[in-house]
Amino acid sequence: MGWSSNSSLTVNHTESLTLDMGSVKSLGRVELYPRNDGVNTGYGFPVNFTIQVSTDGSALTTVVTRTGYALPGNAAQSFTFAPQGARYVKIEGTSLRQNSNDGNLYRMQLAEAFVY
């Protein structure tokens with residue numbers, strides 16, 4: 001069913017999802033799959049966001065920054081960066097997309113996330 005934030009739904013706000021790879025690995029690409037259910041396809045994908053990596057979960061390095069990201073369709077959104085060692089990957093939506101099909105609520109939602 002994917003992942004969904006569920007706080008401060010009536011105002012635009014920041015949400016994040018942190019993935020733990022279990023150990024430090026060489027990472028250089030993140031693929032984010034948007035929500036893909038009919039009229040809601042793409043909604044929940046943040047408008048402004050960063051992808052950050054870390055070896056310890058505290059010291060974060062921003063490797064991808066996107067602003068004004070268009071509503072995606074039903075396909076993986078791929079983001080590449082210079083490969084580096086990291087254990088944690090944080091996807092932080094700093095501006096969320098309002099969904100008129102869901103009571104105009106603001107959520108960050110992903111069907112899947114893959115790290116390579």
Side-chain angles (χ1 to χ4, degrees):
M1 298 294 296
W3 175 86
S4 178
S5 66
N6 201 26
S7 63
S8 302
L9 299 175
T10 59
V11 295
N12 197 354
H13 61 286
T14 297
E15 288 287 352
S16 66
L17 170 66
T18 301
L19 307 170
D20 183 349
M21 303 297 105
S23 63
V24 173
K25 304 189 183 311
S26 180
L27 308 176
R29 185 174 86 213
V30 173
E31 287 185 356
L32 302 176
Y33 287 77
R35 184 175 176 171
N36 59 5
D37 56 321
V39 298
N40 292 305
T41 296
Y43 285 97
F45 205 92
V47 176
N48 299 343
F49 61 95
T50 59
I51 299 174
Q52 302 169 313
V53 296
S54 174
T55 56
D56 62 6
S58 296
L60 297 164
T61 300
T62 300
V63 293
V64 173
T65 300
R66 295 291 185 273
T67 57
Y69 203 81
L71 180 72
N74 185 21
Q77 306 299 297
S78 187
F79 306 96
T80 58
F81 49 92
Q84 53 196 282
R87 175 176 174 168
Y88 300 93
V89 177
K90 181 178 182 180
I91 300 117
E92 183 172 64
T94 55
S95 179
L96 305 183
R97 192 177 312 277
Q98 197 172 27
N99 185 349
S100 61
N101 302 308
D102 186 23
N104 289 317
L105 299 178
Y106 293 91
R107 298 180 204 267
M108 186 166 131
Q109 298 174 312
L110 299 172
E112 296 183 79
F114 289 92
V115 179
Y116 302 95

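In this chain, numbering begins with 1 at the start of the sequence shown.
The hydrophobic clustering, which links ILVMFWY residues whose side-chain heavy atoms are closer than 4.5 Å, places Val64 and Met108 together. Residues Met21 and Ile91 share a hydrophobic cluster, clusters being chains of Ile/Leu/Val/Met/Phe/Trp/Tyr side chains in contact below 4.5 Å. Note on Val115: it clusters hydrophobically with Leu110, by side-chain heavy-atom contacts below 4.5 Å among ILVMFWY residues.
Expressed to the nearest 0.5 Å, how far CD1 of Ile51 lies from CZ of Arg29 amounts to 12.0 Å. One distance of note links CG of Asp37 with CD of Gln109; it measures 8.0 Å at 0.5 Å rounding.
Judged by distance alone, with hydrogens and angles left aside, the side-chain atoms of Ser78 form no donor-acceptor pair with the main-chain N or O of Glu31 at under 3.5 Å. Checked by atom type and distance alone, the side chain of Asn48 never pairs as donor or acceptor with a backbone atom of Ser95 at under 3.5 Å.
Applying side-chain contact (heavy atoms from CB on, under 4.5 Å) to Val63 and the options Val89, Val53, Thr80, Thr50 leaves one that passes, Val53.
The shortest distance between side-chain heavy atoms of Gln84 and Leu27 does not fall below 4.5 Å. Looking only at side-chain heavy atoms (C-beta outward), Glu15 and Leu96 come within less than 4.5 Å of each other. Within the 4.5 Å cutoff, no side-chain heavy atoms of Tyr88 are placed close to those of Leu60. Side-chain contact check for Asn99 versus Asn40: some heavy-atom pair is nearer than 4.5 Å. Counting heavy atoms from C-beta outward, Pro34 and Thr41 have side chains that stay 4.5 Å or more apart. Side-chain contact between Tyr106 and His13 is present, with heavy atoms from C-beta onward closer than 4.5 Å. Looking at Leu105 and Gln98, their side chains never come closer than 4.5 Å, going by heavy atoms from C-beta outward.
No side-chain N or O of Glu92 forms a donor-acceptor pair with one of Ser16 less than 3.5 Å apart.
Listed here is the closest heavy atom pair of Gly85 and Thr55: O-CG2, 3.5 Å. Residues Gly93 and Pro46 come closest through the heavy atom pair CA-CB, 3.9 Å. Nearest heavy atom pair, residue Ser54 against residue Ser58, reads OG-N, 3.5 Å.
A salt bridge does not link Arg87 with Asp56: every distance from a Lys NZ or Arg NE/NH1/NH2 to an Asp or Glu carboxylate oxygen is 4.0 Å or more.
Sequence neighbours left out, the pairs with a member in residues 106-116 that pass salt bridge (charged side-chain N to carboxylate O under 4.0 Å, His left out) are Asp102-Arg107. Applying the ring-ring contact (aromatic ring centres under 6.0 Å, His included) test to residues at least two apart or on different chains, the pairs with a partner in residues 37-69 are Phe45-Phe49, Phe45-Tyr69, Phe49-Tyr69, Phe49-Phe79, Tyr69-Phe79.
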Does Asn74 form a side chain to side chain contact (heavy atoms under 4.5 Å, CB included) with Tyr33? I'd like the steps, not just the answer.
CA-CA 8 Å; Asn74 185 21; Tyr33 287 77; over 6 Å; no

